[in-house]
Participant: 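Starting off with a structure, shown below.
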Amino acid sequence: MTKNIPKAYEPAEAEKKWYTWWEKQGLFQAHPGSGKAAYSIVLPPPNVTGSLHMGHALNITLQDIIIRWKRMQGFDVLWLPGTDHAGIATQNVVERHLAEQGKKRTDLGREKFEQIVWQWKEKAETDILNQIRRLGCSCDWSRNRFTFDDGLSRAVREVFVRLYQDGLIYRGEYLVNWCPRCTTAISDLEVEYEPTQGKLWHIKYPLKGSSDFVVVATTRPETMLGDTAVAVHPEDERYTHLTGRTVILPLMEREIRIITDDFVDRKFGTGVVKVTPGHDPYDFEVGQRQQLPIVKVIGEDGRMTEAAGRYAKMDRYEARKGVVADLEKQGLLMKVEDHSHNVGHCQRCETVVEPLVSTQWFAKVKPLAEAAIRAVKEKQTVFVPENYEKIYFEWMHNIHDWCISRQLWWGHRIPAWYCPDCGEITVAQEAPEICSHCESRSLEQESDVLDTWFSSALWPFSTMGWPDQTKDLQVYYSTNTLVTASDIIFFWVARMMMMGLRFMGEVPFRTVYFNGMVRDEHGQKMTKSRGNVIDPLEIMDEYGTDAMRFTLAAMAVPGTNIPFSVSRMAGYRHFCNKIWNAARFLLLNLEHEEPVTEEEIDELWREENRLEVEERWMLSRLQKIISDTNENFEKFRFHEASNQLYHFFWHEFCDWFIELAKVNITSHDVRKQRRASRVTAYLLETCLKLLHPFIPFITEELWQQLPHLGDSLMIAPYPVAHQEWVDLAVEKQMGGLQELISAVRTARAENNIDPRKRVPLQLLCNDEHQSFLQSQLHHLKNLAQLDQVEFVSNLERGGIRVQGVSRMAEFSLILDEVIDVGAERQRLIRQINRFETSVQQLQEKLQNTEFLHKAPEQVVADARKRYEEVVEQLRKLKEKLNGLSRP
RNA sequence: GGGCGGUUAGCUCAGCUGGAAGAGCGCCUCCCUUACAAGGAGGAGGUCACUGGUUCGAGCCCAGUACCGCCCA
């Protein structure tokens, strides 16, 4: 047969070809009316801020692996894709972009700015979706969604209105985290703390009507301008005499009281603390408890307010300097110490966050959290790895109200309208014509938008058409699995749990698999400044998508980060090439055109002597790998599944099976050739099926070239193990043969015998082994490069010999040229040393009566058997060594 | 301050229910044998961080110590 198959796999063309074809054939589509069991995953929507990174590549690959596996298992799968409008992040990216052109959003106005962001979104979304396609992902593109599209926006309004009506959303003036650069409130989660080397200023606050004073310690002296009290611990005996007295706030000359409160840490500073309810979360709480006035001295722009007196309009850090200098001048600065403390930064722009009092919208999530905790406790949703449960519970139990309003332009505008006439608020899904309280017609909509995570929280059901009762919701909700990065467990997973339970009455997903973070090969975070960022597109171009996917899967150990190694990926590109060439060999020798069925193989299996030993062995081993792979998938052990398949394909199927089967596959005996190539085709096809979820392109490309049933490997049935094809006896026999061949090869290599030279061999073994080896002589000769093989009752000692031992037989290689006796001696001594260690260990074990009594029978029996074998081999090796000394 | 994870070959990491220490890359020797040199055959290299405990048996379980990393406050 003349076939022209390239020697190396070229991914680029195959990837493009098959992806387009799969999509065109509609193979990615879900069929809710099919009546088949459903399996669904919603894609964590990437932000439309830019392009995908390795973290996305990992996350998306793992989902595709699961989805392809389930699809092949016959499920009606839905993998629903989409993107996230990512409010603050996208607004910032676009603003930076505008800044490069010397423009500001405020110059453009809200409407114009929104238009520009939409344009940005269109471009970014297209890029992202194409990147997902490049990864080979089999998402149902007909259901692609966007968190800010009409349907999802409607769901957002519905949820907002219902939570408001249920009293779970309220508006009020509280202390929030404020980013002076983004000029918006942000939630607690959006603040990132960094240990910072700062100072601790000790300031004297004079007591009213006395020359005495108290000393307070603070890390933020500028906030003293807003102090409305000084506090000590109620049980702090150093200060009991001061309770209730008044101090004069320096610089402001304001009279403030000395109060007591449990929150004071007696060990911090002097044990006397200033209380600034307007700019510190703890102080705010004290202020609420003790009804202290709030003085807001720092404004939304990070500059001091009028309330800061002569510091007004100064930047907060300028003000700090000024305050310190003035205190010093007045002799009120007692001392300054170095002090390390955590400073909160805006997650999106790294500006130091300012806690300040502001009117915002909040969601009361505690009641929702209770149901979400229960659901995980009851295992309605299972976390993989399990230890994320703890992290989740910890956060959920201590959950605080969620600040959901943002002073941004890009996002879902809060569906609340203010009435200037009566001052009341109307909250509604659609813009109301009149005020629901006074029927005034001059309503104004809230200008704030919602936290972007508010809409993400609805993703599992809003994407399926909620609040309408759709077929998709009915069939695919709850989704089966969520695959997500662990760093958004609170931002996203926890909130989806709460919203899903609240509005759907069911958990949003049955399993949450947390994937690790992709790091560089030394475990370092990939950052632009380190210059170690790997772009998935670039490496897909260079190594192929399949190689990248396989690498990610092979390294995806649950609960660990992934130190992505390019050299390792190169290894997996070689693996792809290995698959290519194994298939190439078979295809070049394949004479039949009809697909091979399981029935056909089963028939051969049942018939006595129809299959060669290596065929029975390989089929038997295949069953083990099939059941292991399915089991590993069930447990999300992708690294185990991929590593096992790698080893099986390369080191069992290629290194041994194909080498053994070669004779028959290339035989001129048509009957033999045909059977061998059909069995091999079956084995190869099964391997391609097993590997398809990991490496979809190369497997489809090769499968299409094999005679096959069905249109695409994508929808071929995933292999299921046949227990009746497991033949442990034949596995043992093959093991013996392999060991003997390896022993001969080692003996040859260590004696530098020309690998091409065929050498005669003598074998000494028992009758049972002899009859087996006799039947496998052709294999022995081929794989160990042997000439004549002779069974003897005594190994000849004369002449030039290299001798060796395996479990099945002793052997002697008969050479006609001088060997390196010294090297051979060394080799034997090394082997003897190894065996002696084993003998010693086993001896100790077997002399231990406790072991004999308490260990399971099987373990003891195994140890005994192994001991006998090892002792026997050791004896033989020693004999060889002695023989070697003789001339 | 509280919690979690890690420490196994030169490097990066596996090791799932405790029962003969593994992979990839790198290194050494030989071989371009008509599937594959992106290949084949063989080889070197490990007190599984430390201390104690449980067990017939510990890389794996328990306690403590040291160092590294992450999360929360």
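In what follows, chains are A, B, ... by sequence order, proteins preceding strands, each numbered from 1.
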Participant: Looking only at side-chain N and O atoms, does A/Glu685 offer a donor or acceptor that is under 3.5 Å from a partner on A/Trp703?
Facilitator: yes
Participant: Could you check how far CD of A/Glu192 sits from P of B/rC70, rounded to whole Å?
Facilitator: 12 Å
Participant: Indicate yes or no for a side-chain donor-acceptor contact from A/Trp69 to the backbone of A/Phe694 under 3.5 Å, with no hydrogens or angles considered.
Facilitator: no
Participant: Report the secondary structure of RNA chain B in dot-bracket form, marking unpaired bases with a dot and bases paired to a different strand with |, and treating Watson-Crick or G-U pairs with both distances under 3.5 Å as paired.
Facilitator: (((((((..((((.....[..)))).(((((.......))))).....(((((..]....)))))))))))).
Participant: Is the Lys NZ or Arg CZ of A/Arg495 less than 6.0 Å from the centre of A/Trp402's six-membered ring, within 45° of the axis?
Facilitator: yes
Participant: Do the side-chain N and O atoms of A/Gln840 and A/Thr837 include a donor-acceptor pair separated by under 3.5 angstrom?
Facilitator: no
Participant: For the C1' atoms, the ones on B/rA21 and on B/rA63, what distance do you get once it is rounded to whole angstrom?
Facilitator: 26 Å
Participant: Between A/Glu631 and A/Lys635, does any NZ, NE, NH1 or NH2 come within less than 4.0 Å of an OD or OE carboxylate oxygen?
Facilitator: yes
Participant: Charged N to carboxylate O under 4.0 angstrom, A/Arg220 versus A/Glu354?
Facilitator: yes
Participant: Rounded to the nearest Å, what distance is computed from the CG atom of residue A/Asp520 to the P atom of nucleotide B/rC11?
Facilitator: 16 Å
Participant: Parallel, tilted or perpendicular: which one describes the rings of A/Tyr282 and A/Phe263, with boundaries at 30° and 60°?
Facilitator: parallel
Participant: Distance between the P atoms of B/rG46 and B/rA23, in whole angstroms?
Facilitator: 15 Å
Participant: Short question: side chain of A/Asn577, backbone of A/Ala8 - any donor-acceptor pair under 3.5 Å?
Facilitator: no
Participant: In whole angstrom, give the distance that lies between atom NE2 of A/His651 and atom C1' of B/rG22.
Facilitator: 12 Å
Participant: How is A/Tyr646 classified with respect to the nucleic acid when contacts are heavy atoms under 4.0 Å: base, sugar-phosphate, or nothing?
Facilitator: sugar-phosphate
Participant: Does A/Lys578 qualify as a cation-pi partner of A/Phe649, given the criterion of NZ or CZ under 6.0 Å from the six-membered ring centre and within 45 degrees of its axis?
Facilitator: no
Participant: Among B/rG42, B/rG19, B/rA38, find the nucleotide with the atom closest to the side chain of A/Thr746.
Facilitator: B/rG42
Participant: In B/S/- notation, 5' to 3', how is nucleotides 30-37 of chain B contacted by protein heavy atoms closer than 4.0 Å?
Facilitator: SSS--BBS
Participant: Say we look at B/rC61 and B/rU54: how far apart would their C1' atoms be, to the nearest angstrom?
Facilitator: 8 Å
Participant: Where along residues 828-849 of chain A does a heavy atom come under 4.0 Å from RNA chain B, residue by residue in number order?
Facilitator: A/Arg834, A/Asn848
Participant: For the aromatic rings, using the six-membered ring if either is Trp, is the centroid distance between A/Phe550 and A/Phe575 under 6.0 Å?
Facilitator: yes
Participant: Go through the side-chain N and O atoms of A/Glu701 and A/Gln705 and say whether any donor and acceptor fall under 3.5 Å apart.
Facilitator: yes
Participant: OP1, OP2 of B/rG15 versus side-chain N and O of A/His639: anything below 4.0 Å?
Facilitator: yes
Participant: Quantified in whole Å, what is the C1' atom distance between nucleotide B/rG26 and nucleotide B/rA9?
Facilitator: 11 Å
Participant: Within the 4.0 Å heavy-atom criterion, would you say A/Val557 contacts the bases, only the backbone, or no part of the nucleic acid?
Facilitator: sugar-phosphate
Participant: Under a 3.5 Å threshold, yes or no: a donor from one side chain and an acceptor from the other, between A/Arg568 and A/Tyr572?
Facilitator: yes
Participant: A/Glu194 CD to B/rC72 C1': how many Å, rounded?
Facilitator: 16 Å
Participant: Need one value for A/Glu640: base, sugar-phosphate or nothing, where a base atom within 4.0 Å counts as base even if backbone is also close, heavy atoms only.
Facilitator: sugar-phosphate
Participant: Looking at B/rG43, B/rC71, B/rG15, which one has an atom nearest to any side-chain atom of A/Arg637?
Facilitator: B/rG15
Participant: Do you know which two heavy atoms are closest between A/Ile5 and A/Arg584, and how far apart they sit?
Facilitator: O-NE, 2.9 Å
Participant: What's the closest nucleotide to the A/Lys854 side chain, out of B/rG24, B/rG15, B/rC56?
Facilitator: B/rC56
Participant: Roughly, in whole Å, what's the span from CG in A/Asp265 to P in B/rA73?
Facilitator: 18 Å
Participant: A/His574 or A/Glu869: which one's nearest nucleotide on RNA chain B is closer to the 5' end?
Facilitator: A/Glu869
Participant: To the nearest angstrom, how far is A/Asn387 atom CG from B/rG5 atom P?
Facilitator: 6 Å
Participant: Considering only atom C1', compute the distance from B/rU7 to B/rC48 and round it to an integer number of Å.
Facilitator: 10 Å
Participant: Roughly how many Å apart are B/rC13 and B/rC4, using the P atom of each and rounding to a whole number?
Facilitator: 23 Å
Participant: Among B/rA14, B/rA38, B/rG24, find the nucleotide with the atom closest to the side chain of A/Ala8.
Facilitator: B/rA38
Participant: What's the CZ-C1' distance between A/Phe490 and B/rC72, to the nearest Å?
Facilitator: 7 Å
Participant: Describe the nucleic acid contact of A/Arg745 in one word from base, sugar-phosphate, nothing, applying a heavy-atom distance below 4.0 Å.
Facilitator: sugar-phosphate
Participant: Counting distance alone, no hydrogens or angles: does the base of B/rC25 have a donor or acceptor under 3.5 Å from a partner atom on the side chain of A/Arg568?
Facilitator: no
Participant: Do A/Phe514 and A/Phe383 pass the ring pair (Phe, Tyr, Trp, His ring centres under 6.0 Å) test, and can you show the C-alpha distance, the side-chain angles, and the key distance before you say yes or no?
Facilitator: CA-CA 8 Å; A/Phe514 291 98; A/Phe383 287 178; 5.5 Å; yes
Participant: How far does the P atom of B/rU17 sit from the matching atom of B/rG5, given to the nearest Å?
Facilitator: 15 Å
Participant: If you measure from the P atom in B/rA49 to the same atom in B/rC60, how many Å do you get, rounded?
Facilitator: 8 Å
Participant: Just call it for A/Phe636: base, sugar-phosphate, or nothing, with non-hydrogen atoms closer than 4.0 Å on any strand.
Facilitator: nothing
Participant: According to a strict under-4.0 Å criterion, is A/Lys390 in side-chain N/O contact with OP1 or OP2 of B/rC4?
Facilitator: yes
Participant: Please report the distance, rounded to the nearest Å, between CD in A/Glu750 and P in B/rG42.
Facilitator: 10 Å
